[in-house]
Every structure is written in structure tokens, then in C-alpha cells.
2 protein chains.
Amino acid sequence: MRQAKQFEHPSAKEITLARVLHALSDPVRLMVVAELAGGQERGSSEFECGVAESTLSHHLKVLRLAGVIKHRKEGTRCFVVLRPELEKAFPGLLASILKFRKRPA
Amino acid sequence: MRQAKQFEHPSAKEITLARVLHALSDPVRLMVVAELAGGQERGSSEFECGVAESTLSHHLKVLRLAGVIKHRKEGTRCFVVLRPELEKAFPGLLASILKFRKRPA
DNA sequence: TATATTGTTCGACGATTGTCGAACAATATC
DNA sequence: GATATTGTTCGACAATCGTCGAACAATATA
């Protein structure tokens, strides 16, 4: 009953502005981040973004590698949550961006 | 002494969040926008961003097509300035982003 | 052990990207 | 007119992107 190997995450120092902006410059990823904006953790299957499962997985990886989300496995499921380090690095940035998003479908 | 044909700019309605974020997700373009943040117009030759002239021209086109800058010709020179429509569409967004730009490293 | 569930990784694909140098266009100056 | 100046567009290139289905890995359940 050992826990499987978890994902690699960049250190807080590796979170750069251009990288975060690039991570947010895709509608699917923007939708995921908006969904996480409340701060609570979400199961990765909760996102209904109209792309294949493998594509969503790819986008979560991009967000993870940009330092935007923490990605964790539990059993056969996966959970994601915003990384507090992001808010610490760029306080208010996410809110400033998300408040302009088109209405959450 | 006719004025040459000017550049095409997207309408204010075509300025979308993801498009703007994508335009800002490149270090060169981020630098240009930061340079324009004061609001005053700049000659395109004033930017020293370490890329070829044709590359800078490409980046200015990306910013123009994203609705971030107004690009105008005068004589043999070109001038760029932030589009007021951007601030109107996403008030405060640019400032929220630019304040986190890398300090003079 | 066998099977089902969940989600990642792999391989492929077309599209887009950032980059450069060369060629081009428009204007200014001689 | 001829030449110089300024900056764009073109053509090419490697790299990255978003996308999918198939294959795979880990866990849960029978």
C-alpha cells in the first residue's frame, strides 16, 4: 500500500512571470485555473473542458511545470490545487487576470 | 506627399484576454510593453532588446494584432503606443502584470 | 489473481512560434 | 533622378504547441 511516485514540481524560485503568463494564455488552462481560484482542491476529472483526457492531462502538466498548480495522486485519482507560492511570488496577479475572464460556462 | 498605407489593427471587440496574455508571454514583448507603460509614444528603434530588427518587427506585429499597441508610420520611421482600448477592456490588467516584471537584473 | 478504473505517457500530426538574413517598400536627402 | 535611411515582409529553419488515440502504470475491487 505504498504511495506511488508523485509529480515533479518546480521550486518557487523557478516561477517566472513570462512562464506563468504563457501557462495562462490558453483557454483550457485559463478555465482550469479559474475553477481553482477559490483555493479549494479539485479532482482532475471535475473539469469539463471539451478536450480529450490526454489533452487535459497535458494542460495540467503545463500548469504544474509553470508553478501554477500542485498536482497530487491519491489512489487512482488525481487532485490539483493552486500553489500558494504563486500568490506569494505575484500577489494579486491571478485575481487581476481572472476577473476579466468571460463568464464561467 | 501622400501618407503611406498604415497598419491594420483589430477592433476593440477583438481584444480578448487569452490573446493579450499570449502577447505578453514573451520576454521581448513584455519588455516593449513595459517601456510603453508610461503612456507616451516611442519610436520603434528605441527598443534595445537584443534581437534582429526583423524579429522586433515581428513582435510589434504580434502586439498590434493582439490589440495591445497602436503602430503608426511617419516618414521612414515607426512609432508605437499602448492602445487605450486595452486599458478600457481590462482596466488595471497591464499594471498588475508589469509590476512583477524582473527588476533591473 | 483477474478485472475495472483513473489518469499519464507515448507517438504522431499539423499548426504556430521565435529567430535570422535577404529582399522589398516607402520616405528622405542628395 | 540617384542614393541613403528606416523598417516591413518573405522565406527558411528548428523548436514548441495543442490535439488525439493507443499504450501503459498504478490502484482499487472482485
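The analysis underlying the following values was restricted to heavy atoms, covering all of them including side chains, and did not include hydrogens, waters or symmetry mates. Proteins come first, then strands; the chains are lettered A, B, ... in the order of their sequence lines, and each starts at number 1.
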Asks: By nearest atom, which of the nucleotides D:dT5, D:dA22, D:dT19 is closest to the A:Ser54 side chain?
Replies: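 Given the options D:dT5, D:dA22, D:dT19, the side chain of A:Ser54 is closest to D:dA22.
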Asks: Go through D:dT27, C:dT8, D:dT19 for me and flag the one nearest to the A:Val51 side chain.
Replies: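 Looking only at heavy atoms from C-beta outward on A:Val51, the closest nucleotide is D:dT19.
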Asks: How long is the line joining CG of A:Leu63 and P of C:dT8, in whole Å?
Replies: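 Between P of C:dT8 and CG of A:Leu63: 12 Å.
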Asks: Given D:dT16, is OP1 or OP2 found less than 4.0 Å from the side-chain N or O atoms of A:His22?
Replies: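 Answer no for this pair, as no side-chain N or O of A:His22 is under 4.0 Å from OP1 or OP2.
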Asks: Specify the separation, in whole Å, of atom CD1 of B:Ile69 and atom P of D:dG7.
Replies: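 After rounding, the reported distance stands at 13 Å.
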Asks: How long is the line joining NE2 of A:His59 and C1' of D:dT16, in whole Å?
Replies: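 Distance, rounded to whole Å: 14 Å.
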Asks: What's the closest nucleotide to the side chain of A:Ala52 if the choices are D:dT8, D:dT9, D:dG21?
Replies: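 Out of D:dT8, D:dT9, D:dG21, the nucleotide with an atom closest to A:Ala52's side chain is D:dG21.
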Asks: Quick one: is C:dG7 close enough that its OP1 or OP2 comes under 4.0 Å of any side-chain N or O from A:Ser45?
Replies: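 Yes, A:Ser45 has a side-chain N/O under 4.0 Å of OP1/OP2 on C:dG7.
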Asks: Nearest 0.5 angstrom please: B:Glu87 CD to B:Leu93 CG, how far?
Replies: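 One finds 8.0 Å between CD of B:Glu87 and CG of B:Leu93.
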Asks: Kindly say if A:Thr55 contacts the phosphate of D:dG18, meaning a side-chain N or O under 4.0 Å from OP1 or OP2.
Replies: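 Answer is no, no contact under 4.0 Å.
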Asks: Just compare D:dT19, D:dT8, D:dG18 and give me whichever is closest to any side-chain atom of B:Phe7.
Replies: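 My answer, after comparing the listed nucleotides, is D:dT8.
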Asks: B:Phe79 near the nucleic acid: base, sugar-phosphate alone, or nothing, with a heavy-atom cut-off under 4.0 Å?
Replies: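 No contact.
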Asks: Tell me the interatomic distance from B:Arg72, atom CZ, to D:dT8, atom P, rounded to whole angstroms.
Replies: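 Interatomic distance, CZ of B:Arg72 to P of D:dT8: 13 Å.
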Asks: Quick check: on DNA chain D, is the nucleotide nearest B:Leu56 upstream (toward 5') of the one nearest A:Arg29, or the reverse? Name the residue that is more 5'.
Replies: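 Looking at the nearest nucleotide for each, B:Leu56 comes out on the 5' side.
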Asks: Between A:Glu41 and A:Arg72, does at least one N-O distance fall below 4.0 Å, as a salt bridge requires?
Replies: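 Salt bridge flag = yes for A:Arg72 with A:Glu41.
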Asks: Nearest whole Å is fine: how far is D:dT6 P from B:Gln6 CD?
Replies: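 Atom-to-atom, B:Gln6 to D:dT6, this comes out as 18 Å.
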Asks: I want to verify a distance call: between C:dG18, C:dG7, C:dT17, whose nearest atom is closest to the B:Asp26 side chain?
Replies: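 Side chain of B:Asp26 sits closest to C:dG18.
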Asks: For the CD atom on B:Gln40, are there more than 12 heavy atoms of other groups (residues, nucleotides or ligands in this structure) within a distance under 6.0 Å?
Replies: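 Yes, enclosed.
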Asks: Return the nearest nucleotide to the side chain of A:His58; candidates are D:dT19, C:dT9, D:dG7.
Replies: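 The listed nucleotide nearest to A:His58's side chain is D:dT19.
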Asks: Treating Ile, Leu, Val, Met, Phe, Trp and Tyr as nodes and any side-chain heavy-atom pair under 4.5 angstrom as an edge, say whether B:Leu56 and B:Phe7 lie in one connected cluster.
Replies: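 Each belongs to a different hydrophobic cluster.
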Asks: Check the phosphate of C:dT8 against A:His71, side-chain N and O only, distance under 4.0 Å to OP1 or OP2. Yes or no?
Replies: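 Indeed, a polar side-chain atom of A:His71 lies that close.
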Asks: Measuring from the side chain of B:Glu53 (C-beta onward, heavy atoms only), which nucleotide among C:dT19, D:dT9, D:dT8 has the closest atom?
Replies: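 Output: D:dT8.
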Asks: Would you say that more than 12 heavy atoms from the other residues, nucleotides or ligands in this model lie under 6.0 Å from the CD of B:Glu46, or not?
Replies: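 More than 12 within 6.0 Å, yes.
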Asks: Would you mind reading off the distance between A:Leu21 atom CG and D:dC17 atom C1', rounded to a whole angstrom?
Replies: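 Computing the A:Leu21:CG to D:dC17:C1' distance gives 17 Å.
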Asks: Please report the distance, rounded to the nearest Å, between CG in A:Leu60 and C1' in C:dT6.
Replies: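 About 13 Å, once rounded to whole Å.
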Asks: Got a donor-acceptor contact below 3.5 angstrom from the A:Ser57 side chain to the A:Glu53 backbone?
Replies: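 Such a contact is absent between A:Ser57 side chain and A:Glu53 backbone.
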Asks: Select one nucleotide: of D:dG7, C:dT9, C:dG7, the one nearest the side-chain heavy atoms of B:Arg77.
Replies: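 For the B:Arg77 side chain, the nearest candidate turns out to be D:dG7.
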Asks: Taking the minimum atom-to-atom distance to the side chain of B:Ser57, which one of C:dC20, D:dG21, D:dT8 wins?
Replies: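 The nucleotide sitting nearest to the side chain is D:dT8.
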Asks: For B:Glu74 and C:dA28, what is the distance between atoms CD and C1' respectively, to the nearest whole Å?
Replies: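 Checked: the CD to C1' distance equals 13 Å.
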